[in-house]
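Below is one structure; the comments refer to it alone.
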Amino acid sequence: MRYALATLLLACAMSAVRAQVETPRPPIPLDARQEAQYKALLPELRCLVCQNESLADSQAPLAADLRYEIRGLIAKGASDADVKRYLVARYGEFVLYRPRLETRTLLLWSGPFLLLLAACAGVLSYARRRARAAAPPPVDEGALRRLLEERDR
Amino acid sequence: MRFALPLAVLIALLALFAVGLQRDPRRLPSPLIGKPAPAFDLPTIALPGPPGAVPPPARMTQADLRGAPVLVNFFASWCAGCQDEHPFLMELARSGEVRLVGIDYKDAESDLRRWLGRHGDPYAVVLSDLSGNTGIDWGVYGVPETFVLDAQGRIVFKQIGPLTPEAWQRIRPLLQGSAS
């Protein structure tokens, strides 16, 4: 009884949701080389709707549309760079999982290495300071002699 | 003194997070700002306008958007955010401050008619982007999105998500600047 009710509720909820219209599109055939290019390129591109998924994985309708556009571009002989330019012109640099190396992205690319360098420098100076602190202080020979003479007197 | 450097690093990081975490990663800056509106050629949808209004041409292109500032609103009857912004669009249409062009994104015409019949029609003209290709050319990734075009047909602002009164406060000065 409870299941029946739940099913009925679900059916009602689903009927209230109007879906996006998907216009039928003819499939775009690719030759083996183009298909390989298409398969290799998709994981490099971000789906704008579910941002942590690539265009290869995303189930979003926009991702399907973009996959179709990309197939069309590749069928017309577009290179990887052409496809990326097409997407970046519309959606911005964010669609690329690997941003291009430019002056604007220089910090992004070099940041981890700069941090590593800074950490190494920090550890090195710390170790050097500790080694200096651990070494016994220089002996004042005169004071030592005076102390010994005082004791023996 | 010993802790001055780590403390400075910590404060710098916290400041970075405070700024970074308050930004919405779903709102992407559009690369189209400052550029002419992307080309399109879309059919208009004949809707019952006010009595005596001139019916729109059967098709429109980006050239038809020039002459005066215009808001281009990508929307759909199936989109929840569009319903949220709709009352404000109606208000805006009544004020007559700016021309509103709707682009109905991947939507059935019958659904659109029913939706506008129920909620009211704020648009000067509604174009149909059934395939979603114009949406792709404009960098639309989730309706509703609203583009503000100046009189020369250049994109000066993009609102991602519902058009709110707060967003309109930011947009209005841009329109006045371009009209003069």
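In the text below, chain A, chain B and the rest are named by the order of the sequence lines, each starting its count at 1.
Contacts between residues 67-83 of chain A and chain B, defined by a heavy-atom separation under 4.5 Å, are made by Glu69(A).
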For this session: Determine, step by step, whether Arg90(A) and Asp137(B) satisfy the side-chain contact (heavy atoms from CB on, under 4.5 Å) criterion, reporting the C-alpha distance in whole Å, the side-chain angles of both residues, the deciding distance to 0.1 Å, and the verdict.
Result: CA-CA 6 Å; Arg90(A) 285 161 179 74; Asp137(B) 285 340; 3.0 Å; yes
For this session: Report the C-alpha separation of Thr23(A) and Lys106(B) in whole Å, then their side-chain angles, then the decisive distance to 0.1 Å, and conclude whether the side-chain contact (heavy atoms from CB on, under 4.5 Å) test is met.
Result: CA-CA 8 Å; Thr23(A) 40; Lys106(B) 298 186 81 170; 5.9 Å; no
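For the pair Val21(A) and Asp107(B), the tightest heavy-atom approach, listed with the atom from each and the gap, is CG2-C, 3.5 Å.
The contact between Tyr91(A) and chain B is made by backbone and side chain atoms together, counting heavy-atom distances below 4.5 Å. Looking at Ala76(B), there are no atoms closer than 4.5 Å to chain A (heavy atoms on both sides), in backbone or side chain. Interface residue Ile136(B): backbone and side-chain heavy atoms are both found under 4.5 Å from chain A. Ala89(A) touches chain B through its backbone: at least one of N, CA, C or O sits under 4.5 Å from a heavy atom, while the side chain does not. For Val95(A), no part lies under 4.5 angstrom from a heavy atom of chain B.
The list of salt bridge (Lys or Arg N to Asp or Glu O under 4.0 Å) pairs with a residue in residues 73-84 of chain B, not counting sequence neighbours, is empty.
The neighbour count for Gln169(B) CD, taken as heavy atoms of other residues, nucleotides or ligands under 6.0 Å away, is above 12.
Val156(B) and Leu175(B) fall within the same hydrophobic cluster, defined by Ile, Leu, Val, Met, Phe, Trp and Tyr side-chain heavy atoms under 4.5 Å apart, directly or through other members.
To the nearest 0.5 Å, atom OH of residue Tyr141(B) and atom CZ of residue Arg46(A) are 11.5 Å apart.
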